[in-house]
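The figures that follow rest on heavy atoms only: side chains count, while hydrogens, waters and symmetry mates do not.
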Amino acid sequence: QVRLVESGGGLVQAGGSLRLSCAASGRIDNSYTMGWFRRAPGKEREFVAAISWSGGVTYYADSLKGRFTISRDNAKNTVYLQMNSLKPEDTAVYYCAGGHSLVPSSWRSYNSWGQGTQVTVSS
């Protein structure tokens, strides 16, 4: 039983940066994976990035690699998503997810979800 709470969303100008945080409560074991997904209005849920808790192996959506960076602080039970060079197309609700993921990019691999945090990029 892991509870996830996202924070850090807001309104930014195109080209700006934002860092999202996801604080986890509960037991996170060595096989755990945490990731970020997003859902824009009228679109499907989209994989953003993921990271293994123990090894720190990262996974990214190909279209976002280079602009977004996922990281974690194991001591704080927190995962971060650093978003740079933001575009209006990045506007979405961003969700933190966790689970014993076999396919990090698939939402079906996760069983814990945060409530989401809104990111709005203006042009």
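- Atom CG of D90 sits about 7.5 Å away from atom CE of M83, to the nearest 0.5 Å.
- The heavy-atom pair separating S54 from R72 by the smallest distance is O-NH2, 3.2 Å.
- Nearest heavy atoms, A14 versus S123: CB-CA, 4.4 Å.
- Within the 4.5 Å cutoff, side-chain heavy atoms of K87 are placed close to those of R67.
- In terms of heavy atoms, W53 sits closest to N77 at CZ2-CA, 3.7 Å.
- Residues F37 and C96 form no side-chain contact, since every pair of their non-hydrogen atoms from C-beta on lies 4.5 Å or further apart.
- Counting heavy atoms from C-beta outward, T117 and Y95 have side chains that stay 4.5 Å or more apart.
- Closest of all the heavy-atom pairs between A49 and L81 is CB-CD1, 4.3 Å.
- At least one side-chain heavy atom of Q115 sits less than 4.5 Å from a side-chain heavy atom of V5.
- Judged by distance alone, the side chain of T33 and the main-chain N or O of H100 form no donor-acceptor pair under 3.5 Å.
- Closest approach of A92 to R39, counting heavy atoms only: CB-O, 3.4 Å.
- Linking ILVMFWY residues whenever their side-chain heavy atoms come closer than 4.5 Å, directly or via other members, places Y110 and V57 in the same cluster.
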Start with the C-alpha distance between T78 and D73, add both sets of side-chain angles, then the distance that settles side-chain hydrogen bond (donor to acceptor under 3.5 Å, both in side chains), and finish with yes or no. CA-CA 5 Å; T78 300; D73 186 334; over 6 Å; no
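- Put simply, L18 and W36 are part of the same group of oily side chains (I, L, V, M, F, W, Y) that touch within less than 4.5 Å, one to the next.
- Atom CZ of R3 sits in a sparse spot, with 12 or fewer heavy atoms from other residues, nucleotides or ligands closer than 6.0 Å.
- Taking OG from S85 and CG from L64, the interatomic distance works out to 12.0 Å, rounded to the nearest 0.5 Å.
- Scanning all heavy atoms of the two residues, the minimum distance from A61 to F47 falls at CB-O, 3.4 Å.
- Side chains of S21 and E6 form no contact here, defined as non-hydrogen atoms less than 4.5 Å apart.
- Considering CE of M34 and CG of L4, their distance stands at 5.0 Å, rounded to 0.5 Å.
- Between I70 and Y59, the closest side-chain pair of non-hydrogen atoms is not below 4.5 Å.
- Interatomic distance, Y80 OH to I51 CD1, rounded to the nearest 0.5 Å: 11.5 Å.
- The shortest side-chain heavy-atom distance between K76 and N74 does not fall under the 4.5 Å cut-off.
- Taking the centre and axis of the six-membered ring of W113, the NZ or CZ atom of R108 falls outside the cone set by 45° and 6.0 Å.
- Within 6.0 Å of CG on D29 lie more than 12 heavy atoms contributed by other residues, nucleotides or ligands.
- To the nearest 0.5 angstrom, R19 atom CZ is 9.0 Å from S7 atom OG.
- Exactly one of V12, L86, T91 qualifies for a side-chain contact (heavy atoms from CB on, under 4.5 Å) with T120. That residue is T91.
- Looking only at side-chain heavy atoms (C-beta outward), S122 and L11 come within less than 4.5 Å of each other.
- In this structure, the separation between OH on Y60 and OG1 on T69 is 4.5 Å, given to the nearest 0.5 Å.
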